[in-house]
J.: 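Dropping a structure here in structure tokens format, bear with me for questions.
Heavy atoms only: backbone and side chains are in, while hydrogens, waters and symmetry mates are out. Keep in mind the model is a prediction, meaning the values are calculated, not measured.
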Amino acid sequence: MNKNNRITILVYVFLIALSIVACGKKDEFSETQQEICMQTSESADSDIKKDKIINTESSSANQQESSTQKGENADSEMTSEELLDLFINGSIDAIDATDMTSVFNITDFSMNSEKGDSYSIGERVDLDNDGENELIICGPYGGIYIDARNNKVYEFAEGDGNTNILSYTYYNGEIWIMYSNSMNVGHEAYHMVKFEGADNIVAEMSFGEEPVDENNSESGMKYLLNGKEISYDEYTAFCSKIFAAEESTN
């Protein structure tokens, strides 16, 4: 083999070697790119999964918090019957009707039935015509009526001596609170109040009898209804309706 042929062969071999090396590096570079892409994809998938887990946990926590708040609100809003039970048990106080800054408790009452001035737990009746029952504490001068509203307990009505003996009656299908005055001999005076809600008076009535002449016992009696004089028959007919349906709470 001559020198020129040997050189040609060597050049050809060198070129083939360069081609093989170049192809190898290209494949290696492609594999590296594929590996980087796979790692990036796996990292992105991992981040997405983490975000989904975090969002799910956050949503669950928010739902639990919302449910808890709803439960607390439901628990905080008690029914009137539940509030009255708590008052009877001495767990909560009642707000005084004459002084809203003053309160009293069931333990403030004498519950000794052997004493004439003792109190006792009475019935629950819708005394203010609002669809919910009030509690009657029977006692001197008709006792005290207790109302539950706005998540609190209030004094609704109270007997106050012989001039205001408390009771209630039914008139024209509705309940009226009645105060009786028997303080003066020869006089009768009654005042009735109808409520639609404990703080909403919708009607009042007054009736009674008194001497025509205070200084003359033989002058006879006059009969009054809402300030107007009526006949004896009208008066007795009206009184018969009121007192037949009256409920004493002494």
J.: Is there a donor-acceptor contact under 3.5 Å linking the side chains of Asp96 and Thr98?
T.: yes
J.: Measuring from Trp176:CH2 to Met205:CE, what's the distance to the nearest 0.5 Å?
T.: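 Reported value, rounded in 0.5 Å steps: 5.5 Å.
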J.: Looking at side-chain heavy atoms only, is the closest gap between Phe87 and Ile106 below 4.5 Å?
T.: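 Yes, close enough: below the 4.5 Å cut-off.
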J.: Side chains of Asp99 and Thr101: any donor to acceptor distance under 3.5 Å?
T.: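 The criterion, which ignores hydrogens and geometry beyond distance, is satisfied for Asp99 and Thr101.
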J.: First locate atom CD of Glu246, then atom SG of Cys239, and finally report the distance between them rounded to the nearest 0.5 Å.
T.: 10.5 Å
J.: Inspect the contact between Asp85 and Arg124 and indicate whether a charged nitrogen and a carboxylate oxygen are less than 4.0 angstrom apart.
T.: yes
J.: Nearest 0.5 Å, please: how far is OG1 in Thr236 from CZ in Phe243?
T.: 11.5 Å
J.: Looking only at the aromatic ring of each residue, does the gap between the centers of Phe238 and Tyr171 stay below 6.0 angstrom?
T.: yes
J.: If you round to the nearest 0.5 Å, how far is CG of Leu83 from CD1 of Ile88?
T.: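 Here the rounded value is 11.5 Å.
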J.: List the atom of Cys138, the atom of Gly122, and the distance in Å for their closest heavy-atom pair.
T.: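 Scanning both residues completely, I find the closest heavy atoms to be SG-CA, 3.9 Å.
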J.: Cut-off 3.5 Å, side chains only: do Tyr145 and Thr249 have a donor facing an acceptor?
T.: yes
J.: Hey, what do you get for OG (Ser219) to CG (Asp213), rounding to the nearest 0.5 Å?
T.: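 Between Ser219 OG and Asp213 CG, I get 5.0 Å after rounding to 0.5 Å.
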J.: Would you call Glu132 and Arg149 a salt bridge, using N to O less than 4.0 angstrom?
T.: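 Result for this pair is no, no salt bridge flagged.
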J.: How long is the span from the NZ atom in Lys222 to the CD atom in Glu209, to the nearest 0.5 Å?
T.: 12.0 Å
J.: Looking at Lys194 and Glu174, is there a salt bridge between them, counting it only when a charged N and a carboxylate O are closer than 4.0 Å?
T.: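 Salt bridge between Glu174 and Lys194, a charged N being under 4.0 Å from a carboxylate O: yes.
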